[in-house]
Structure formats: C-alpha cells, structure tokens
Amino acid sequence: MGRGRVQLKRIENKISRQVTFSKRRTGLLKKAHEISVLCDADVALIVFSTKGKLFEYSTHSSMETILERYERYSYAEKLLTAPETETQASWTLESSKLKARIEVLEKNIRHYVGEELEQLNLRDLQNVEQQIETALKRIRTKKNQVMHESISELHKKERALQERNNSLSKKLKENEKTGEQQNSRLQLPQPHTVPSFGTSSGPFIGAAMREEELAQTNTASTTIMPLWMIRHINQ
C-alpha cells in the first residue's frame, strides 16, 4: 500500500514537531542550494524556529545585498500599484526628508568654516574640531602623495634629459674628432718635385749658361775701363 498524504496541520506532540522541523528545515535548505546552483539564481532563505533560533541560507551574494534588492523592488512595486494620492504623499514625504538633509549639510558646512558657532555647546565644538582635524589629515595625506608623484615625475624627466644631453655630447665629440682628422689630412706638406735634367734639355741649359758667362764678362769688362775713355766720357 502506498503512503497516505499527510494532513497539513500543527503537530501537537512537541518531540514529533521538533523532529519534523529539523527534517523539513534540512530539506528546505538543500532545495534552496539546488535551485541556486542549477538555475544560477540568487536565493535568500530565512527560517526562525519556535524558540526564536535563526537558520538562514544565501548564495554567493550576501544576505544583505539580496535583502536590499528585495526592498528596492518591493518599494518600486508599491509605487506602481499605489493610488495616485498615496504616491503624491510619498513623494511629499521624500521631498521633506531631502530638504531636511540639505539643511543639515549646509549647517555643517557653515560650522566647518567657523560660522554660527554661538549655538554649539562644548561637545558639539569638539565634534566639529575632530571632523576638521580628520579632514585636514586626509588633505595632507593626499597633498603629500601628489607631491611625491610630482617629484618622481620630475626625476624621470631629469634622467631623460641627462641621457639625451650625454648622447648629444658624445655625438658632438665624435664630429669634432672627425673634423680634426680631415683637417690634418688636408694640411700635410706636399713633396717638392725636383726637375730632372734629361738629355733633351741639355742644349738649352748649356746656352743659358753661356749667355750668363758672357753677361758676367761684359760686366767685368765694363767695370774695368781705361782712364782715357773715362775722361772722354766725362768731357
């Protein structure tokens, strides 16, 4: 015979109720895990026992994330399904909350710049001072970080310029060395060509020498003149 269908009603026996709760809870958690794995679904399961003990299960997303999604979804559903008057009232309430929040922020800003401090007591002044000191620490930390990054960037640029300067200096020295070598080659003394006296030029050279000897003879003869000839010339 098959097993009869269990009637859904509260189990009066306390022990049986506790055993059934334990078994059904385990099965429920198992089913939640299976549907999350098989269907790639975000599942959040919350169970409280009769004694107030919490049993929960959530997928890789945290329980808080899933509950936040549920609240946003349920709030949007309420806005869509709510009557127009309720929607208008909710928007009015939300607007009032935002205005109050803006007033608080503006008041805090005035306190931070040192305005309207007369209404603050000692504890409020200490809170404002602590908040300003915390803000100053963050600002100084960020300033130091920016300064260090700027200094590092300047060092990189300096090294790059130094390397470029060294490269240009090296090229300039090589060009100067090449120019000096070329100038030294151009300034080398050229060997003097000694004229060769061949047999063909012999008659010309002999004639020139004879003419020179005749000129010297004429000069000598001219310088040694008789005395009567000198007198005749003077007269």
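The structure displayed is predicted, hence computed values, not measured ones.
- Lys9 is linked by a side-chain contact (heavy atoms from CB on, under 4.5 Å) to Gln7, counting only residues two or more places apart in sequence or in another chain.
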Only pairs under 3.5 Å count here: list side-chain donor-acceptor contacts from residues 158-170, not counting sequence neighbours, and write none if there are none.
{"residue": "Gln162", "atom": "NE2", "partner": "Asn166", "partner atom": "OD1", "Å": "3.4"}
{"residue": "Asn166", "atom": "ND2", "partner": "Gln162", "partner atom": "O", "Å": "3.2"}
{"residue": "Ser169", "atom": "OG", "partner": "Asn165", "partner atom": "O", "Å": "2.9"}

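- Once rounded to the nearest 0.5 Å, the distance linking CG of Leu45 with CD1 of Ile35 reads 11.0 Å.
- For Glu115, the salt bridge (Lys or Arg N to Asp or Glu O under 4.0 Å) test picks out no residue, with sequence neighbours left out.
- In this structure, the side-chain contact (heavy atoms from CB on, under 4.5 Å) partners of Leu54, at least two apart in sequence or on a different chain, are Ile46, Phe48, Glu56.
- Rounded to the nearest 0.5 angstrom, Arg25 CZ and Thr20 OG1 are separated by 12.0 Å.
- Shown here are the side chain to side chain donor-acceptor pair (under 3.5 Å) partners of Gln126, two or more places apart in sequence or in another chain: there are none.
- Side-chain contact between Ile102 and Glu106: present, with at least one pair of heavy atoms (C-beta onward) separated by less than 4.5 Å.
- Remark: Arg17 engages Arg10, Ile11, Lys14 in a side-chain contact (heavy atoms from CB on, under 4.5 Å) (not counting sequence neighbours).
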Show the numbers, then the answer: is there a side chain to side chain contact (heavy atoms under 4.5 Å, CB included) between Lys31 and Glu34?
CA-CA 5 Å; Lys31 292 295 182 181; Glu34 289 177 355; 3.7 Å; yes
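- To the nearest 0.5 angstrom, Asn144 atom CG is 11.0 Å from Glu149 atom CD.
- Taking 4.5 Å as the limit, every side-chain heavy atom of Glu129 sits out of range of all side-chain heavy atoms of Leu125.
- The CD atom of Glu64 sits 7.5 Å away from the CD atom of Glu68 when rounded to the nearest 0.5 Å.
- A search for side-chain contact (heavy atoms from CB on, under 4.5 Å) contacts involving Val146 returns Lys142, Ser150, not counting sequence neighbours.
- The distance from atom CE of Met63 to atom OG1 of Thr65, rounded to the nearest 0.5 Å, is 10.5 Å.
- Residue pairs that meet the side chain to side chain donor-acceptor pair (under 3.5 Å) test with at least one member in residues 130-141, sequence neighbours left out, are Tyr112-Gln131.
- Under a 3.5 Å cut-off, the side chain of Asp40 and the backbone N or O of Ser36 do not form any donor-acceptor pair.
- What you find for Ala41 and Thr59 is that their closest heavy atoms are O-CG2, 3.4 Å.
- Considering only heavy atoms from C-beta on, Phe21 stays 4.5 Å or farther from Thr50 through its side chain.
- With sequence neighbours left out, Tyr70 forms a side chain to side chain donor-acceptor pair (under 3.5 Å) with no residue at all.
- In terms of the salt bridge (Lys or Arg N to Asp or Glu O under 4.0 Å) criterion, residue partners of Arg110 (sequence neighbours excluded) are, by chain and number, Glu116.
- Note that OG1 of Thr92 is 10.5 Å distant from CD of Glu94, once rounded to the nearest 0.5 Å.
- The minimum heavy-atom distance linking Leu28 with Val47 is given by the pair CD2-CG2, 4.2 Å.
- Looking at Arg69 and Asp42, their side chains come closer than 4.5 Å, going by heavy atoms from C-beta outward.
- Under the 3.5 Å distance criterion, the side-chain polar atoms of Thr26 are matched with a main-chain donor or acceptor of Ser22.
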